[in-house]
K.L.:
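Encoded as C-alpha cells, here's the structure I'll be asking about.
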Amino acid sequence: MVRFKNRYVLCEVLSDDPRCRQCIEDRAVGLAVRDAIARVHGDYGLACCSISFTVKYLNAYTGTVLLRCRKDSYRLLCSALPFVRHLESRAQRYPCALNTLHVGGTIRTCQKFLIEYNRRQLLILLQNCTNEEERQCIQKSLLSCSLTEEQSQSGDEDDDGTE
C-alpha cells in the first residue's frame, strides 16, 4: 500500500475590515482558494489540487488558516493564493488577501513555526509600544489568557484540601 504525501500550507488572512475575521468559515476559504486556482491554472490545476485539498485548521480570531494538498500540486496551490481577493460568507463579500507563512510536510512542523512566528510578532509589538502603559496593557492581556494562572489557582485548591 502506498502512502500519499501531503503538504500543509500555513496562511494568514489579511483584511482591513474587522468583520472579515469574525465571519470566516472553512467552507468560504476553501471555495475562495478553489476559485482562485481555477482562474489561474484552469481545469487542469483545479483537478490536480482538488484531489486532496482541505482546510485542516481555521482560527477566525487570529486569521490563521492551514491548508492541505498533495505534495505534487502544492506549488499550484501556493501560486494561486495571492489571487484570493475576497471571502464570501453569509451572502456578503469581504475583501481580503491570503499571505503564505510556511509550507511544511506535517501539521506539527506548521504548529512549531506558528509558535515561533507569534513570538516574533509579539516582540515586534512590544518594541513598537510608545509608552509604558501600552506595554503593561499588552503584558496584562497576555497573562490573562495564559495557563499559568489556572495552574496556580488549581494548585491553591489542592493545598486547601490537604490541610
K.L.:
Can you name the closest pair of heavy atoms from Val84 and Val33 and give their distance?
P.N.:
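Distance-wise, the nearest heavy atoms are CG2-CA, 4.2 Å.
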
K.L.:
Assess whether atom CZ of Arg75 is packed by more than 12 heavy atoms of other residues, nucleotides or ligands within 6.0 Å.
P.N.:
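No, the 6.0 Å shell around CZ holds no more than 12 heavy atoms from other groups.
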
K.L.:
Does atom CZ (Phe83) have a neighbourhood of more than 12 heavy atoms from anything else shown, all under 6.0 Å?
P.N.:
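Incorrect, the count does not exceed 12.
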
K.L.:
Please check if the number of heavy atoms outside Asp43 that lie under 6.0 Å from its CG is greater than 12.
P.N.:
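Incorrect, the count does not exceed 12.
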
K.L.:
Rounded at 0.5 Å granularity, tell me how far OG1 in Thr109 sits from NZ in Lys112.
P.N.:
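Output value for this atom pair is 8.0 Å.
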
K.L.:
Got a list of side-chain donor-acceptor pairs under 3.5 Å for residues 1-13, not counting sequence neighbours?
P.N.:
residue: Asn6; atom: OD1; partner: Ser52; partner atom: OG; Å: 3.3
residue: Glu12; atom: OE2; partner: Asn99; partner atom: ND2; Å: 3.1
residue: Glu12; atom: OE2; partner: Tyr117; partner atom: OH; Å: 3.3

K.L.:
When you look at Leu58 and Thr64, which way does the side-chain contact (heavy atoms from CB on, under 4.5 Å) test go after all the steps?
P.N.:
CA-CA 6 Å; Leu58 174 70; Thr64 306; over 6 Å; no

K.L.:
CG of Leu76 to OG of Ser50: how many Å apart, nearest 0.5 Å?
P.N.:
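Atom-to-atom, Leu76:CG and Ser50:OG are 11.0 Å apart.
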
K.L.:
If I compare all heavy atoms of Gln92 with all of Tyr94, which pair ends up nearest, and what's the gap?
P.N.:
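Looking at all heavy atoms of both residues, the closest pair is OE1-OH, 2.6 Å.
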
K.L.:
What pairs of residues pass the salt bridge (Lys or Arg N to Asp or Glu O under 4.0 Å) test when at least one of them lies in residues 92-111, not counting sequence neighbours?
P.N.:
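Residue pairs with at least one partner in residues 92-111: Glu88-Arg93.
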
K.L.:
Report the residue from Leu126, Asn128, Thr130, Leu125 that forms a side chain to side chain contact (heavy atoms under 4.5 Å, CB included) with Arg135.
P.N.:
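Between Arg135 and the candidates, side chain to side chain contact (heavy atoms under 4.5 Å, CB included) is satisfied uniquely by Leu126.
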
K.L.:
What's the spacing between Leu67 CG and Cys78 SG if we round to 0.5 Å?
P.N.:
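Reported value, rounded in 0.5 Å steps: 8.5 Å.
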
K.L.:
Would a single hydrophobic cluster contain both Ile107 and Phe113, if residues Ile, Leu, Val, Met, Phe, Trp and Tyr are joined by side-chain heavy-atom contacts under 4.5 Å?
P.N.:
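Same hydrophobic cluster.
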
K.L.:
Strictly by side chain to side chain donor-acceptor pair (under 3.5 Å), give each pair with a member in residues 23-34 just once, sequence neighbours left out.
P.N.:
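Matches after skipping sequence neighbours: none remain.
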
K.L.:
If Ile, Leu, Val, Met, Phe, Trp and Tyr residues are connected whenever their side-chain heavy atoms lie under 4.5 Å apart, and connections chain through other members, are Phe53 and Ile24 in the same group?
P.N.:
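Both belong to a single hydrophobic cluster.
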
K.L.:
With a 3.5 Å distance limit and no angle check, can you tell me whether Ser15 reaches the backbone of Pro95 through a side-chain donor-acceptor pair?
P.N.:
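Here the side-chain-to-backbone pair exists.
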
K.L.:
Is any side-chain heavy atom of His41 closer than 4.5 Å to a side-chain heavy atom of Ser79?
P.N.:
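Yes - at least one pair of side-chain heavy atoms lies under 4.5 Å apart.
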
K.L.:
Taking atom CD1 of Ile124 and atom CD of Gln121, what is their separation to the nearest 0.5 Å?
P.N.:
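Those atoms lie 4.5 Å apart.
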
K.L.:
Linking I/L/V/M/F/W/Y whenever their side-chain heavy atoms sit closer than 4.5 Å, directly or via other members, would Val29 and Leu77 fall into one cluster?
P.N.:
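Val29 clusters together with Leu77.
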
K.L.:
Could you tell me whether the side chain of Val55 reaches within less than 4.5 Å of the side chain of Leu66, counting heavy atoms only?
P.N.:
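Answer no - side chains too far apart.
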
K.L.:
Start with the C-alpha gap between Cys49 and Ser73, add the side-chain angles, then the distance that decides, and say whether side-chain contact (heavy atoms from CB on, under 4.5 Å) holds.
P.N.:
CA-CA 6 Å; Cys49 292; Ser73 60; 4.1 Å; yes

K.L.:
To the nearest 0.5 Å, what is the distance between OG1 (Thr54) and CZ (Arg68)?
P.N.:
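Thr54 OG1 to Arg68 CZ: 4.0 Å, rounded to 0.5 Å.
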
K.L.:
Going through the distances and angles, do Gln136 and Glu133 end up as a side-chain contact (heavy atoms from CB on, under 4.5 Å)?
P.N.:
CA-CA 5 Å; Gln136 288 179 356; Glu133 182 181 331; 5.8 Å; no

K.L.:
For side-chain contact (heavy atoms from CB on, under 4.5 Å), just list the numbers for Tyr57 and Val65, CA-CA rounded to whole Å, side-chain angles, deciding distance to a tenth of an Å, and then say yes or no.
P.N.:
CA-CA 6 Å; Tyr57 173 74; Val65 180; over 6 Å; no

